[in-house]
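Below: the structure, in structure tokens.
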Amino acid sequence: MRIATWNVNSVNARLPTVLDWFSEAQPDVACLQEIKCVDEKFPREAFEDLGYNVETHGQKTYNGVALLSKFPLSDVRRGLPGDDSDDQARYIEALVEAPAPVRVASIYLPNGNPLGTEKFDYKLAWFERLRLHASDLLTHEEAVALCGDFNVIPTPEDAKNPEAWVTDALFQPESREAFRALKWLGFADSHELGDEPAGTWTFWDYQAGAWRRDHGIRIDFALLSALAADRFRGIETHRDARDMEKPSDHVPVVVDLDPEPPAWSMR
DNA sequence: ATGGTAGACCTTCTA
């Protein structure tokens, strides 16, 4: 089973290139972030024509996440639990009804810039809500894949120029601690399971020639619970997508899982 | 060098 995650930075602004990528990469499941449209404006039919079931949690202008799957989707949850006053569309989760099911979440974690504002407080509070919800998911002993733009640079090795990010919300000790706390609940970072080299970035800013100078960071992840991690077969970061016409500033990360559940889980 | 670009959209916010 092939699961992709991609922050597309407006699905409608670059629909032709996104559809081209889907036709080529053929993911079974895709998590999109920053669709930047309400549910009614999502190009649902274009993806249905490629064979996908479509679930969205949209928002006007900002944010918005989607789940696409060639397998049926059930038990769809829109919005991260824990704060009824939070109206930002940053979380959608569903059970992918494959022969070996996987619960998949598409996550767009708050950016948190600039420091010293309520935006950074919101980021940390959102991270804590995600940790609590993820902890709850793990009690169900399902294969879980938390996929998306986590807006955190976990270690200096996850940036070409870490010193350029020391005053940025993505590289603050509090952000990195929150990411570790989430991971240490019992998730494997697919990148660490795979064999991609150091310097595998997932984001390059549009500004200051970041792409030309390869000033990238790794902030898009697929975190796998034990039952999913044991099915890990490979990971591929689609760097070439940054060179498409009208590219997103993020590229897709694609993870392949064994379609069968691990034998130990059946005992 | 404190810039630069991109997207949605009402003049500015978010990233």
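Order of the sequence lines fixes the chain letters, A, B, ..., with proteins taken first and strands second; residue numbering starts at 1 for each chain.
- Distance A:N63 CG to B:dT14 P: 10 Å, rounded to the nearest Å.
- Between the C1' atoms of B:dT14 and B:dG4, the separation comes to 16 Å (whole Å).
- Rounding to the nearest 0.5 Å gives a distance of 13.5 Å between NE2 of A:H215 and CZ of A:F203.
- The side chain of A:R212 places no N or O atom within less than 4.0 Å of a non-bridging phosphate oxygen (OP1 or OP2) of B:dT5.
- When the C1' atom is compared between B:dC9 and B:dA15, the two are found 16 Å apart, to the nearest whole Å.
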>> Evaluate A:R44 against A:D49 for salt bridge (Lys or Arg N to Asp or Glu O under 4.0 Å), listing each step before the verdict.
In response: CA-CA 9 Å; A:R44 159 181 297 271; A:D49 289 347; over 6 Å; no
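- Under a 3.5 Å cut-off, the side chain of A:R90 and the backbone N or O of A:G79 do not form any donor-acceptor pair.
- In terms of position along DNA chain B, the nucleotide closest to A:A208 lies nearer the 5' end than the nucleotide closest to the other residue of the pair A:A208 and A:D249.
- Annotation for A:D84: atom CG does not count as buried by contact number, only 12 or fewer foreign heavy atoms lying within 6.0 Å.
- Using a 4.0 Å heavy-atom cutoff across all strands shown, A:R242 reaches no nucleic acid atom at all.
- In this entry the distance linking CD of A:Q59 with P of B:dA8 reads 14 Å, nearest Å.
- Between B:dG7 and B:dG3, the distance separating the two P atoms is 22 Å to the nearest Å.
- Between A:E245 and A:R14, none of the side-chain N atoms (NZ, or NE/NH1/NH2) sits under 4.0 Å from a carboxylate O, so this pair counts as no salt bridge.
- At the heavy-atom level, A:Y108 lies under 4.0 Å from the strands shown only through sugar-phosphate atoms.
- Looking at which nucleotide of DNA chain B each of A:F203 and A:R213 is closest to, the 5′-most match is held by A:R213.
- The phosphate of B:dA6 has neither OP1 nor OP2 within less than 4.0 Å of any side-chain N or O from A:K246.
- Between A:Y206 atom OH and B:dA8 atom P there is a gap of 10 Å when expressed in whole angstrom units.
- Put simply, CG on A:D168 is 13 Å from C1' on B:dT14, counting in whole angstrom units.
- With rounding to whole Å, A:N161 atom CG is found 20 Å from B:dG4 atom P.
- Heavy atoms of A:R14 sit under 4.0 angstrom from primed sugar atoms or phosphate atoms, though from no base atom.
- The separation between A:N9 atom CG and B:dA15 atom P is 11 Å, rounded to whole Å.
- Taking atom NZ on A:K41 and atom P on B:dA8, their separation rounds to 11 Å, with Å as the unit.
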